[in-house]
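Accompanying notes for the structure given below.
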Protein chains: 2
Amino acid sequence: MSRQQEKRDQAARAAWMYYVGNNTQHEIADRLGISRQMAQRLVAYAVEQGLVRVRIEHPISDCLALADALKTRFGLAICSVVPTDGNNAEALRRMLSVAGAEVVEQFIHAEKPMVINVGSGRTLKAIIDELPEIDRPQHRIVSMVGAISSDGASNRYDVALRAAEKTGSKYFMLPAPLIADSAEDCRQWCSHRVYRVVSELAAHADLTLVGVGSVGPACPLLEDGFVSEEEVSQLVAAGAAGEMIGHIIDGTGRPLVSPLSSRVTSLQWPSSPTRPVIGFAGGAAKHKAIAAVLRGGWLSGLVTDEASARAVLAG
Amino acid sequence: MSRQQEKRDQAARAAWMYYVGNNTQHEIADRLGISRQMAQRLVAYAVEQGLVRVRIEHPISDCLALADALKTRFGLAICSVVPTDGNNAEALRRMLSVAGAEVVEQFIHAEKPMVINVGSGRTLKAIIDELPEIDRPQHRIVSMVGAISSDGASNRYDVALRAAEKTGSKYFMLPAPLIADSAEDCRQWCSHRVYRVVSELAAHADLTLVGVGSVGPACPLLEDGFVSEEEVSQLVAAGAAGEMIGHIIDGTGRPLVSPLSSRVTSLQWPSSPTRPVIGFAGGAAKHKAIAAVLRGGWLSGLVTDEASARAVLAG
DNA sequence: CCATGTAACGAACAAATGCTCATTACATAT
DNA sequence: ATATGTAATGAGCATTTGTTCGTTACATGG
């Protein structure tokens, strides 16, 4: 057994004893014949590696009420609202991950083979990471965004690939960059045979998972270098309120036609979808984007936080 | 909203912030406008109330190896082995609960209506308590042991009832005491119409969950006042190695014929069952009982602890 | 063989948590 | 209104946990 494996094993053991067995780290150390600090490190390592999964079972009535209100107002089938924790971004991300993973798990669990479209974004990535390993080789996972990044290497946002790894499902990548160099280039990418095959598969997906992004200073598209600051300013001036996998929408939820829109290669889906399309997003920066996406009727499910829910309902 | 509800709500919120959001209790206190101690109490309350569910995702290879060995040796379809934590009974119970609940959850999750037989015992009770609330009104849960206790009141071991409450399933109780006053009395109970109906239902169950008990000093049957110390001595002298819902078996796993055996009203099932029958037990006191039950081929699944697994495999 | 970088380790300290106890608020019965 | 029991509260302290830092072990390349 590799050194790495051995460490994970021991960490898992320490985590069992600590979190489930209610031992102190000192007791664990004694039992495993290691130092107190080492026990502490093992437990910390287990948490860091995602070996420890925590769920809060009791729904908070305020959050439940907000979720119900959102369901009614925007015709959602699924809605989960997590408590807001000041503006601690780290905490928010973790909470959305836990709640999001719970929702996704319900679907993934099905034995019946499914096609699952997966978008991009940090929130979605965190959710996939939070998923337990469930073996579902019968499912097919489709990446809705181009897996080819302009600099070639980094595919760190290929959330779909991660999801496929987690579940052992088949993985279908979209052979394109997220944003093509020109409208012509975009048309080329999108007319490739493989693109069309994947796109066709995605059109019949049983489930679609997408992140919702803001458009503005420090927005994901800008941070990840897909658009320039100038382009962002132009988009905002043109009324951009948010985006999903690169598709920009305005405040009413309608697609925003712009120089950019003809260069985005990522997959599209109809408004008021008949199959579940679940969006994940939270945090003050995204209030406007979430509201816009909901107004546009792009989602049938949403996982968000308390403050965002309130803001959206108030708007 | 009731005072109680409000407290649970706030406890859940604190638990989210503490366990998921990674806040300190001080931060939680500030945010909720309460004292540091109060935040601590809320978190503790949430844990105590079972609002917080912890799972360790990574299988420990030693435990996995033991589980595989048990599967092979005793023809089990399912086996889960949790790490042993000295002889901390409390920790053992919690670990078995978590691992057991995980196994049970897999089955309960099914949408297809199921009939589930549920036995008795502290371990099984703890497992049911650990189950998340999943609404499954289509399932039917059958209590394998008499729900009528001799002193009338206490039905604290009616694990099946709890399970039915947790899942919102229909509940079928066995109208009988666990141990009848005499063989004649027993025959009477077992020939009642309702008993026969329930028994018939149980015979076609899709899943059976039972605890495994020891027979000896401080064994469950004695502790709960179902048998006297003298009777236990006699049973042990006659070769009793363990019991499941009152059915005593010897070291080879064969039913032990005794004055008691004709008075036990609880349901029976065939050895080498074709549908899943899962046993739950751990701890030094039960090593002999577990080995006996496995030898008898009564189970197709087992959840136990490392030390027990080793002991059984060594024997 | 040595040099060099990296991981493991434990001591010591700082921070966070849990517990006990005395006090206070509050409800219910008299 | 007053007594009386119960739950809520915070102060103070003990324990537990987390982090930093210097040292030691160990592997790898020269």
Side-chain angles (χ1 to χ4, degrees), chain A residues 1-56 58 60-61 83 85-86 88-95, chain B residues 1-56 58 60-61 83 85-86 88-95:
Chain A
M1 189 165 32
S2 82
R3 192 160 200 78
Q4 180 75 353
Q5 279 233 323
E6 216 164 320
K7 187 172 174 186
R8 279 173 74 92
D9 247 53
Q10 187 133 84
R13 190 177 284 271
W16 268 99
M17 295 207 246
Y18 188 65
Y19 287 104
V20 185
N22 242 1
N23 295 93
T24 70
Q25 297 181 351
H26 195 96
E27 290 169 313
I28 295 169
D30 285 353
R31 208 142 287 160
L32 298 183
I34 57 179
S35 71
R36 212 264 308 157
Q37 292 92 326
M38 225 35 219
Q40 195 277 327
R41 276 176 200 131
L42 281 176
V43 173
Y45 181 78
V47 172
E48 182 197 310
Q49 293 288 305
L51 272 41
V52 180
R53 186 138 295 135
V54 182
R55 292 269 149 100
I56 311 301
H58 182 80
I60 300 169
S61 48
D85 182 2
N88 182 339
E90 204 35 32
L92 173 66
R93 198 187 47 70
R94 261 193 297 266
M95 288 182 178
Chain B
M1 188 166 31
S2 82
R3 193 161 199 75
Q4 180 75 355
Q5 280 234 323
E6 217 162 319
K7 187 173 172 186
R8 279 173 74 91
D9 247 52
Q10 187 133 86
R13 191 177 283 272
W16 268 98
M17 294 206 247
Y18 187 65
Y19 287 106
V20 185
N22 241 1
N23 295 93
T24 70
Q25 297 181 350
H26 195 97
E27 290 169 313
I28 295 169
D30 285 354
R31 207 144 285 159
L32 298 183
I34 56 179
S35 69
R36 212 265 306 161
Q37 293 92 328
M38 224 37 218
Q40 196 274 326
R41 273 174 202 134
L42 281 175
V43 173
Y45 182 78
V47 173
E48 183 197 310
Q49 294 287 303
L51 272 42
V52 181
R53 187 137 296 134
V54 183
R55 293 269 149 101
I56 311 302
H58 182 82
I60 301 168
S61 48
D85 182 1
N88 182 339
E90 205 33 33
L92 173 65
R93 198 186 47 69
R94 262 193 296 267
M95 288 181 176

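We name chains A, B, ... by the order of the sequence lines, and we start the count at 1 in each one.
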Requested in this report: Would you work out how much the helix from C/dC1-D/dG30 to C/dT30-D/dA1 bends between its ends, with each end axis defined by five base pairs, to 10 degrees?
Outcome: 30°

**Report entry** N/O (side chain, A/Ser35) to phosphate O (OP1/OP2, C/dG10) under 4.0 Å
**Finding:**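 Answer is yes, contact under 4.0 Å.
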
Expressed in angstrom and rounded to an integer, what is the separation of [X] atom [atom1] from [N] atom [atom2]?
X: A/Ile34; N: C/dG10; atom1: CD1; atom2: C1'; answer: 12 Å
X: B/Glu48; N: C/dT17; atom1: CD; atom2: P; answer: 19 Å
X: B/Leu42; N: C/dG18; atom1: CG; atom2: P; answer: 12 Å
X: B/Lys7; N: D/dT9; atom1: NZ; atom2: C1'; answer: 12 Å
X: A/Gln37; N: D/dG22; atom1: CD; atom2: P; answer: 16 Å
X: B/Met38; N: C/dC19; atom1: CE; atom2: P; answer: 14 Å
X: A/Arg36; N: C/dC9; atom1: CZ; atom2: C1'; answer: 13 Å

**Report entry** N/O donor-acceptor pair under 3.5 Å between A/Arg94 side chain and B/Val20 backbone
**Finding:** yes

Requested in this report: Please list all pairs passing the salt bridge (charged side-chain N to carboxylate O under 4.0 Å, His left out) test where one or both residues lie in residues 19-32 of chain A, with sequence neighbours left out.
Outcome: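 For residues 19-32 of chain A, and leaving out neighbouring residues, the salt bridge (charged side-chain N to carboxylate O under 4.0 Å, His left out) pairs sorted by first residue read A/Arg31-B/Asp85.
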
Query raised in the report: Restricting to pairs with a member in residues 12-21 of chain A, which pass salt bridge (charged side-chain N to carboxylate O under 4.0 Å, His left out), not counting sequence neighbours?
Result: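 Non-adjacent pairs meeting salt bridge (charged side-chain N to carboxylate O under 4.0 Å, His left out): A/Arg13-B/Asp62, A/Arg13-B/Glu306.
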
By side chain to side chain contact (heavy atoms under 4.5 Å, CB included), which residues pair with [X], not counting sequence neighbours?
X: A/Gln25; value: A/Tyr18, A/Arg36, A/Ala39, A/Gln40, A/Val43
X: B/Leu92; value: B/Leu96, B/Asp305
X: A/Gln10; value: A/Leu32, A/Leu42
X: B/Arg93; value: B/Glu90, B/Ser97, B/Ala126

**Report entry** For DNA chain D, the residues among residues 17-33 of chain A that have a non-hydrogen atom under 4.0 Å from it
**Finding:** A/Tyr18, A/Thr24, A/Gln25

Query - Candidate nucleotides C/dA11, D/dG12, C/dC21, ranked by approach to the side chain of B/Arg41 - the nearest - result: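 The answer is C/dC21.
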
**Report entry** Proximal nucleotide (of D/dT17, C/dG18, D/dT9) relative to the B/Gln40 side chain
**Finding:** C/dG18

Query raised in the report: What residues form a side-chain hydrogen bond (donor to acceptor under 3.5 Å, both in side chains) with A/Gln49, not counting sequence neighbours?
Result: A/Arg8

Query raised in the report: What's the spacing between A/Met95 CE and A/Asn88 CG if we round to 0.5 Å?
Result: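 A/Met95 CE to A/Asn88 CG: 8.0 Å, rounded to 0.5 Å.
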
